[in-house]
Every structure is written in structure tokens, then in C-alpha cells.
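Step one of this worksheet: look at the structure below.
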Amino acid sequence: MNSKLRYKVFIPPFMLLVIAVLASFLNLPGFLKVTTIINDWILNSFDWLFSAGAFFMVITCIAVFISPLGKVVIGGEGAKPLLSKWRWGSITICTTTAAGMLFWATAEPLFHLYSPPTSLAITPGSREAAEFALSTMYMHWTFTPFVIYAVPALSFALAFYNLSQRFSISASLQPILGRRCSHSIGGIVDSIAMFALVAGMASSLGTGALVLASGVSNLTGFTNGSLLLGLVITLIVVSFVASSVSGLHKGIARLSAVNTAIFILIALVAFLFGPTKTIVVNGTHALVDYASEFVTRSFSLNLDPSDGWAKSWTVFYWANWLAWAPIVALFLGKIARGHSVRAFIVVNIIIPASFSLIWMAIFSGMILELDLSQNGMFYALLNQSGEGAVVFGLLEQLPASTLLIGLFIFIAFLAYVTAADSNTEAISSLCLETQATEENASPLKSKLKILWGTIIALIAWFMTAFSGIDGIKMMSTLGGLPALFVVLAMNLSLITWLFKSFRPSNSKSSALSSGQTYCQ
């Protein structure tokens with residue numbers, strides 16, 4: 001199948017990224033100052049909308065799950081699934097928050113342990129602060145983040161397979177804007193989403209390279225500098241490009257299946273040889289606190305308005321995940337064909353959120369307990385050697401630590417490879433006018449994946465080795481505001497389909513079930 005490049009989608013984010021990198025190179029302090037001012041304005045002005053929007057999407061998913069829409073098959077009755085549920089679930093875990101989960105599961109709770117919200121009057125470094133820290137990890141890394149990804153992904157999947165067959169984020173907006181209007185703004189919406197994700201991927205890849213380089217240095221004694229960072233990033237890019245050549249099924253699916261199995265193995269070792277009873281008890285108490293305080297924490301109702309903790313953490317997280325959500329939706333939606341909407345919610349929200357919850361209970365709970373019992377040893381390590389060193393310090397407390405550290409480096413590597421593979425798959429598809437099938441892939445699409453992978457690698461290496469990654473992180477957050485409105489619009493489309501599902505005799509609802517186009 002021949003594919004043409006969508007220049008209006010490809011050129012703007014490409015040029016913006018080049019300009020941003022040049023600006024950071026020529027005047028990094030000035031660049032960071034400007035982006036910081038803009039980010040502070042976004043968080044101060046729209047924090048309520050980020051919080052309300054995320055909570056509203058959680059309610060939408062619950063309603064969709066129990067509604068007749070839950071029975072609709074993505075692609076229509078008789079659609080053949082692209083993936084088995086095991087591979088589907090593995091991909092979902094490994095291409096969404098797995099990479100970040102590895103990095104922050106041990107480092108973030110220490111920040112909350114020693115710097116809880118001032119308005120809660122919690123004593124830093126206390127047992128109360130530890131319980132707050134663990135329940136906060138549940139808030140930041142379980143159900144709400146996966147809902148932020150799942151809502152636009154489900155909206156896109158229904159639009160792509162059951163309605164328009166147009167591979168575009170704006171295609172999901174047809175039920176509320178109409179086919180012609182959604183098509184006319186498609187280039188703008190897709191360009192914004194691409195810029196946000198490419199900047200976010202560079203940030204994620206840079207952060208991941210820091211962790212991997214720290215681990216390699218820990219095992220081999222090599223100097224952890226710009227050369228090692230460059231080698232790690234190059235290896236990641238070469239690996240995900242090689243994976244992409246083998247296609248969606250053979251590449252991402254196989255890597256994700258292996259990665260998930262090793263995830264489970266390391267978690268079991270940590271659970272069985274760590275403070276098992278304490279992990280269970282503290283994890284259960286934190287879970288009760290998380291569930292009982294979910295609404296309150298979603299809107300930061302327990303904090304004083306002058307307390308900036310929520311903006312620095314919870315709202316900041318929602319903004320970052322929203323920046324990624326539209327592009328991630330393209331990939332998650334594309335691999336969902338042949339499964340019901342209800343199965344989609346289980347695989348994209350319940351399973352990965354539960355997996356993440358267990359992971360946080362084990363590793364966040366363990367690091368908190370060890371730090372409290374060893375007089376702040378890990379918090380000192382955090383301040384001295386950085387976030388990446390904390391997880392390796394934790395693994396050294398377990399039997400066969402060298403083997404575990406090696407396995408951890410391996411799964412961290414695979415997590416970044418699969419995430420990069422899936423996201424460049426979506427980015428490259430978005431740059432094309434027509435879509436190639438897995439069996440008949442477009443040569444142009446393969447070239448685009450290599451091009452974007454190279455660009456992302458160069459930005460990640462440049463920023464981490466010479467300028468720091470703060471600028472790229474800011475760029476990712478800047479994409480959160482426009483992405484918020486895009487995702488909320490996609491949520492509204494999903495609600496439109498939800499109401500139509502209660503009218504099975506309606507021709508439009510029937511078309512949705514059968515996979516025919518109705519939006520004109």
C-alpha cells in the first residue's frame with residue numbers, strides 16, 4: 001500500500017523540537033526560565049481542570065463498563081483479534097507506565113516521606129508520613145493514570161475500527177464535531193500531540209538512560225558519564241528499530257511478554273525475601289486510605305489552597321500523562337481490534353493498575369520500611385547519588401543481588417525499548433495519509449520510525465549529557481494543556497456513544513456494533 005507524508009503534521013513538531021533544542025543550547029538558563037514561567041502559569045491556572053478532568057474520566061470508564069456499550073466489539077462482530085489477551089495485557093503494562101514505574105517506585109516515596117504536604121501537619125520521617133507516601137504512590141501510579149490513557153484510546157479504537165477508518169486523533173471527535181469539521185482540524189490536533197509525545201519520549205529516554213547507565217556503572221565500574229549515556233541510548237534505539245522491523249506481533253508483543261514475566265519474578269523475590277509481613281500490613285492500610293480518600297485527593301480537598309504540594313506532584317503527573325495520552329491512544333486503540341469494550345477496560349485499566357499497585361506495595365513499601373529502620377540511609381543515598389541509585393541500593397539488600405540488578409537492568413532496558421517502539425509506531429502512522437497493514441507495511445513508515453527514533457535519541461543524549469533534562473521535561477508538560485482539551489473532547493465523544501448504546505434500535509448504535517461508518 002502506498003502512503004504519502006502528511007507534511008502539515010510532520011513539519012511543525014519537527015521544527016519546534018529543533019528550535020527548542022537550539023534555544024536550550026544557546027541559552028539554557030533563559031530557556032528554562034521561560035518554560036518554568038509558562039509551566040507555573042499552566043499549573044496555577046488550570047490545576048482544577050486537570051483534577052476535575054481526570055476524575056470525570058474515571059467516572060466515564062465505570063459508566064461505560066456497566067453500560068450496553070461494554071458489549072460492543074471493537075471492529076464489529078466477527079472482527080479477528082490482533083493479539084491474545086496475554087500478549088495484549090503484557091504490551092499494555094510495558095508500553096504505558098512500566099518504564100516510569102521502575103524509576104519512581106523507590107525514589108518518589110522518599111520525597112513524600114520527608115516532604116509531606118505542610119497543610120496536613122504530618123511529621124516528616126514518621127510512620128504517618130510513610131503511610132501517606134505509600135497511599136500517594138497508589139494515587140499517582142494506579143487507576144487514574146491508566147484511565148487517562150484508556151479513555152482516548154477507547155474513543156479512538158471505536159472511531160478507527162467501528163466508524164471512520166481514518167488513523168487520526170481527530171477522528172475520535174466525529175460524534176461531537178462531525179466528520180468534515182474533525183477532519184479539517186486533524187492536522188493541528190495531530191501536530192500538537194506529536195510534539196508533546198516526542199518531547200516526552202526524549203525526557204523518558206534520557207531519564208531511563210541515567211538509570212541504566214547507573215546500573216551498568218554499578219556492575220562494571222565504568223565511569224558514568226556522557227560516553228556511557230550515549231552508548232546506552234544508542235543500544236536502546238538500535239534495539240527498538242530492530243524490533244520495529246519485525247512488526248507489531250513479533251517485536252513489541254514478544255519483548256513485552258518476556259518483560260512482564262521478569263517483572264513478576266523480581267517482584268516475587270522482593271516480596272518473599274523482603275519484610276513480607278510489613279509489606280502486606282502497610283500495603284493494606286495504605287490501600288484503605290487510598291480508597292477512602294480517593295475523591296478528596298482527586299480534588300486536593302484535604303489541602304489548604306496555599307499548599308502547593310498537589311500542583312508539584314499530583315497535578316504535574318496528570319499534566320504529563322495527558323501530554324502523552326493522545327498519541328499513546330493511537331497505539332493502544334490500534335491493538336484492541338476484535339475485543340469487546342468491556343475487555344478493553346479490563347486489560348487497559350484494571351489489570352495494569354492492579355499490577356502497578358502490587359509493585360508499589362512491594363517496592364515503595366519496602367524502601368519506606370528500610371529507610372525508617374536504617375535511620376534515613378536511602379534518603380541520604382537519594383540526595384547523594386540521585387534517584388537512579390536508590391533502586392540498586394534496595395536490590396543490594398536482597399539475596400543474589402548481583403543477579404537481581406542484572407535482571408532489573410535488562411527489564412528496564414526492555415521497558416524503554418517496547419515503549420519507544422510502540423510510540424514511534426503511532427507517531428510514524430500519524431505522519432502518513434494512508435495506513436499500511438502489518439502484512440504489507442509501508443517502506444516510508446519504516447523510514448519514519450528510524451528518523452523519529454534517531455531524533456529522539458539525539459535530543460535525549462544532548463539534554464542529559466550536556467544540558468540536563470529539565471528543559472525537555474518542561475516541554476512535555478507544556479503539551480499537557482492542549483492535550484487536556486483534546487482528551488476531554490475524546491471523553492465527550494465516548495459519552496455520546498455511551499448514551500447511544502442505550503438505544504439499540506437506533507441505526508447509529510447498530511452501525512457502531514457492526515463496524516460500519518455513520519458519521520458523515
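Note that the coordinates shown come from a computational prediction; the quantities given were computed from them, not determined experimentally.
Residues H140 and W321 place their aromatic rings such that the two centres sit no closer than 6.0 Å. Ring centroids of W313 and F132 are separated by 6.0 Å or more, keeping the two rings apart.
Between the D289 side chain and the S135 main chain, no donor and acceptor come within less than 3.5 Å of each other. Counting only distance, with no hydrogens or angles, the side chain of S115 and the backbone of H112 share no donor-acceptor pair below 3.5 Å. Judged by distance alone, with hydrogens and angles left aside, the side-chain atoms of S356 form no donor-acceptor pair with the main-chain N or O of P352 at under 3.5 Å. The backbone N or O of S172 lies less than 3.5 Å from a partner atom in the side chain of S493, making a donor-acceptor pair. Side chain of R342 to main chain of S67: a donor-acceptor pair is present (N/O by atom type, distance under 3.5 Å, no hydrogens or angles). Between the S51 side chain and the F299 main chain, no donor and acceptor come within less than 3.5 Å of each other. Counting only distance, with no hydrogens or angles, the side chain of S126 and the backbone of I122 share no donor-acceptor pair below 3.5 Å. The closest donor-acceptor contact from the side chain of Y138 to the backbone of G283 lies under 3.5 Å.
In this structure Y290 satisfies the ring-ring contact (aromatic ring centres under 6.0 Å, His included) test together with F294, sequence neighbours excluded. Looking at residues two or more places apart in sequence or on another chain, you find no side chain to side chain donor-acceptor pair (under 3.5 Å) involving T123. S373 meets the side chain to side chain donor-acceptor pair (under 3.5 Å) test with no other residue; sequence neighbours excluded. Every side chain to side chain donor-acceptor pair (under 3.5 Å) that Y317 has, sequence neighbours left out, goes to E108. With sequence neighbours excluded, the residues satisfying side-chain contact (heavy atoms from CB on, under 4.5 Å) with I264 are T260, L268, F355. Annotation: ring-ring contact (aromatic ring centres under 6.0 Å, His included) contacts of W318 (sequence neighbours excluded): none. For F378, the ring-ring contact (aromatic ring centres under 6.0 Å, His included) criterion is met by no residue, not counting sequence neighbours. Applying the side-chain contact (heavy atoms from CB on, under 4.5 Å) test to N383 and every residue at least two apart in sequence or in another chain returns Y379. Scanning for side chain to side chain donor-acceptor pair (under 3.5 Å) contacts around N282 gives an empty result, with sequence neighbours left out. Legend: residues meeting ring-ring contact (aromatic ring centres under 6.0 Å, His included) with W41, ordered by chain and number and at least two apart, are F46.
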Open item on the list: Test side-chain contact (heavy atoms from CB on, under 4.5 Å) on L330 and K334; report intermediate values, then the result.
Closed with: CA-CA 6 Å; L330 296 179; K334 186 177 180 180; over 6 Å; no
TODO: Show the numbers, then the answer: is there a side-chain contact (heavy atoms from CB on, under 4.5 Å) between F408 and I262?
DONE: CA-CA 8 Å; F408 184 88; I262 301 177; over 6 Å; no
- [ ] Determine, step by step, whether N348 and F146 satisfy the side-chain contact (heavy atoms from CB on, under 4.5 Å) criterion, reporting the C-alpha distance in whole Å, the side-chain angles of both residues, the deciding distance to 0.1 Å, and the verdict.
- [x] CA-CA 7 Å; N348 284 273; F146 287 100; over 6 Å; no
- [ ] Would you please test F156 and I169 for side-chain contact (heavy atoms from CB on, under 4.5 Å) and show each step?
- [x] CA-CA 7 Å; F156 166 75; I169 296 168; over 6 Å; no
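Taking all atoms of both residues into account, the shortest heavy-atom contact from F344 to A336 is CD1-CB, 3.5 Å. A213 and L229 make their closest contact through CB-CD2, 4.0 Å (heavy atoms, listed as atom of the first residue, atom of the second, distance). Taking all atoms of both residues into account, the shortest heavy-atom contact from S298 to M139 is OG-CE, 3.3 Å. Contact record, L134 with M360: CD1-O, 3.6 Å, taken as the closest heavy-atom pair. Pairing each heavy atom of L43 with each of K311, the nearest pair is CD1-O, 3.7 Å. Across all their heavy atoms, T496 and P175 have their closest contact at CG2-CB, 4.1 Å.
Here CG of L69 is found 9.0 Å from CH2 of W497. Values are rounded to the nearest 0.5 Å. Rounded to the nearest 0.5 angstrom, T106 OG1 and I362 CD1 are separated by 13.5 Å. Note that OG1 of T142 and CD1 of I349 are 11.5 Å apart. Values are rounded to the nearest 0.5 Å. Distance check, rounded to the nearest 0.5 Å: CE of M377 to CG of L382 gives 12.5 Å. In this structure, F263 CZ and S90 OG are separated by 10.5 Å, a value rounded to the nearest 0.5 Å. Taking CG of L49 as the reference point, atom CG of L322 lies at 9.0 Å (rounded to 0.5 Å).
At least one side-chain heavy atom of P117 sits less than 4.5 Å from a side-chain heavy atom of L120. When side chains are defined from C-beta on, S191 does not count as touching K8, because their heavy atoms never get closer than 4.5 Å. Residues L372 and L113 have side chains in contact (heavy-atom distance under 4.5 Å, counting atoms from C-beta outward). Put simply, the side chain of R297 does not reach to within 4.5 Å of the side chain of T314, judged on heavy atoms. Taking 4.5 Å as the limit, some side-chain heavy atom of V341 sits within range of a side-chain heavy atom of L158. Looking at F363 and I266, their side chains come closer than 4.5 Å, going by heavy atoms from C-beta outward. Contact check for F271 versus I358: no side-chain heavy atoms found under the 4.5 Å cut-off.
No side-chain donor from either of N302 and T296 sits under 3.5 Å from a side-chain acceptor of the other.
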Indicate every side-chain donor-acceptor pair of residues 52-66 with a distance under 3.5 Å to a residue at least two apart or in another chain.
from: T60; atom 1: OG1; to: F56; atom 2: O; distance (Å): 3.0
from: T60; atom 1: OG1; to: N491; atom 2: OD1; distance (Å): 3.3
from: T60; atom 1: OG1; to: N491; atom 2: ND2; distance (Å): 3.2

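Pairs of residues two or more places apart, or lying in two chains, that qualify as side-chain hydrogen bond (donor to acceptor under 3.5 Å, both in side chains) and include a residue from residues 361-372 are Y114-D371, R127-E369.
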